[in-house]
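Notes for the one structure printed next.
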Amino acid sequence: MIKELHEKLANKEISAVELAEQYFASIEEKDKEIFAYLTLTKELALKQASLVDAKIARGEKIGMLEGIPGGIKDLILVEGVRATGGSKILDNYIAPYDATVIERLKDAGAVILGKTNCDEFAMGSSTENSAYGPTKNPLDLERVPGGTSGGSSAAMAADMAAWTLGTDTGGSTRQPAAFCGVVGLKPTYGRVSRYGVMPAASSLEQVGVITKTVEDAAIVLSVIAGEDKMDSTTAKSPTKDYTRYLTGEVKGLRIGIIKEYLDGLNGDVKKSIQQVIKKYEELGAEIKEIALPYAKYSLPAYYIINFSEISSNLAKYDGIKYGMRATDHKDSILDFEPENRNLIETYLDSRRFGLGAEVKRRIILGTYALSSGYYEAYYLRAQKVRTLIKKDFEKVFEEVDFILTPTTPAPAFKIGEKTNNPLEMYLEDIFTVTANVVGVPAISVPGPEVEVDGKMLPQGFQLMGKWFDEENLLRAGYAYEISK
Ligand code: GLN
């Protein structure tokens, strides 16, 4: 899809400004209902697009992403543009600099349409935890688009962007992609810089890509990946033009499946995944049953680690350094005149009124898990379990090249269905968190749709690959995609 747009631009069938205008028209038409975008950056987009047009007019060659419009999850900073991270506490925060991924996209000439909605500070699975209201799934407006990058996945499904960025701490690019029938990629931990990205749980997350096709994911990853002096967790591992590996060939590649995972699925989802497995067999891949005995502890380990790191990372939102400062909130229970108020009271009210319920829940649980006397029993233990799961993966990757699972236990659920039950919401991530716990790259690709209440809805399958082996992961996803 990006390639087609690129060709149209290069052949002067359409100008970059016209292309951006088309996307803004599409947003204007649909986004009142869907609410994928929190902020539009029309002025920036048109300025970027006219630079590309000038280049084309001069007869210069343009890069693959040059002039192609995309949306950016609101956790990622774009200089001079509001960045809320889906939180009220950053309602008035204007990013003072570009995240490294944005710098790279801008250097590549990509056009930025705006900032997409997400669960507050990347906590959730449905985008219902955004302080600005939920995004709707364009394929069924009564359903969630997934989360936390739900604005990005909805923008893709409704043609309100040609590519989008998300972030993925425990599934936040893959699960929303699966719910919206598009592709979501989480790169290997260390593959993409997180400089200028609001952190939730630092040891788990990566910037990811949500696109219509696997090829498009490869195009965007090729631009954003690579070592960054500003983020010491980025790896030296060389990056590539990932599109070069999209051969359509999977002959001889070995795909691991886990029997217990498939047995636990409901009938239609199981059928969908079985069809995917069959397709890979037909394409010449070798399917092998594997066991990951410790993987069943991924979800509890993930949430302990996630809460703990969140409680530490979110301490900076105190009403002093960034965003909203509640010095005189009308609902304050602290009865001080604003001028007599001390610092602690300002912290308390800023956090009380600035942060949402899920964020507070995680800060409290995480603080508990890290506190003296409990640290060993919770955080440290979870980290030890993490090492065991990692060892499982190292062993399995001697036998297979990928692990195939569903992305989610079921297709998109209804808005409001899980909001009162955090545990049920957490269970959404049962298949996705493992890749974050061990740091491997993973992709969600649309598989055969599944019928829910008489309606066909997208169901994604997930491939997890070896550390830093994005090229083969994309290759395998692409081979399935073009075989349909
Ligand atoms: N749903 C998971 C959580 O709430 C994952 C979120 C994410 O990847 N940002 O933690």
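We count ligands from 1, going down the list as the structure has it; atoms in each ligand are counted the same way. Just the heavy atoms: all of them, side chains too, but no hydrogens, waters or symmetry mates, feed the values below.
- Side-chain contact, Ser125 with Asp429: a donor N or O sits under 3.5 Å from an acceptor N or O.
- Aromatic ring centres of Phe307 and Tyr378 lie farther apart than the 6.0 Å criterion allows.
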For this session: Under the salt bridge (charged side-chain N to carboxylate O under 4.0 Å, His left out) rule, what do Asp453 and Lys414 come out as? Steps first, then yes or no, please.
Result: CA-CA 11 Å; Asp453 300 340; Lys414 291 232 167 99; 3.6 Å; yes

List, for ligand 1, each N/O atom that has a protein N/O partner under 3.5 Å away, with both atom names and the distance.
{"residue": "ligand 1", "atom": "1 (N)", "partner": "Gly124", "partner atom": "O", "Å": "2.6"}
{"residue": "ligand 1", "atom": "1 (N)", "partner": "Ser125", "partner atom": "OG", "Å": "2.9"}
{"residue": "ligand 1", "atom": "1 (N)", "partner": "Asp429", "partner atom": "OD1", "Å": "3.2"}
{"residue": "ligand 1", "atom": "1 (N)", "partner": "Asp429", "partner atom": "OD2", "Å": "2.9"}
{"residue": "ligand 1", "atom": "4 (O)", "partner": "Gly124", "partner atom": "N", "Å": "3.0"}
{"residue": "ligand 1", "atom": "4 (O)", "partner": "Gly124", "partner atom": "O", "Å": "3.3"}
{"residue": "ligand 1", "atom": "4 (O)", "partner": "Arg362", "partner atom": "NH1", "Å": "3.3"}
{"residue": "ligand 1", "atom": "4 (O)", "partner": "Arg362", "partner atom": "NH2", "Å": "2.7"}
{"residue": "ligand 1", "atom": "8 (O)", "partner": "Thr169", "partner atom": "N", "Å": "2.8"}
{"residue": "ligand 1", "atom": "8 (O)", "partner": "Gly170", "partner atom": "N", "Å": "2.6"}
{"residue": "ligand 1", "atom": "8 (O)", "partner": "Gly171", "partner atom": "N", "Å": "3.3"}
{"residue": "ligand 1", "atom": "8 (O)", "partner": "Ser172", "partner atom": "N", "Å": "3.0"}
{"residue": "ligand 1", "atom": "8 (O)", "partner": "Ser172", "partner atom": "OG", "Å": "2.6"}
{"residue": "ligand 1", "atom": "9 (N)", "partner": "Ala122", "partner atom": "O", "Å": "3.0"}
{"residue": "ligand 1", "atom": "9 (N)", "partner": "Thr148", "partner atom": "OG1", "Å": "3.4"}
{"residue": "ligand 1", "atom": "9 (N)", "partner": "Thr169", "partner atom": "OG1", "Å": "3.2"}
{"residue": "ligand 1", "atom": "9 (N)", "partner": "Ser172", "partner atom": "OG", "Å": "2.7"}
{"residue": "ligand 1", "atom": "10 (O)", "partner": "Tyr302", "partner atom": "OH", "Å": "2.7"}
{"residue": "ligand 1", "atom": "10 (O)", "partner": "Arg362", "partner atom": "NH1", "Å": "2.9"}

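- Closest non-hydrogen pair, Val183 versus Pro446, comes out as CG2-CD, 3.9 Å.
- The ring-ring contact (aromatic ring centres under 6.0 Å, His included) analysis of residues 178-209, with sequence neighbours excluded, yields the pairs Tyr97-Tyr195, Phe179-Phe413.
- Among Ile364, Leu365, Val359, the single residue meeting the side-chain contact (heavy atoms from CB on, under 4.5 Å) criterion with Arg361 is Leu365.
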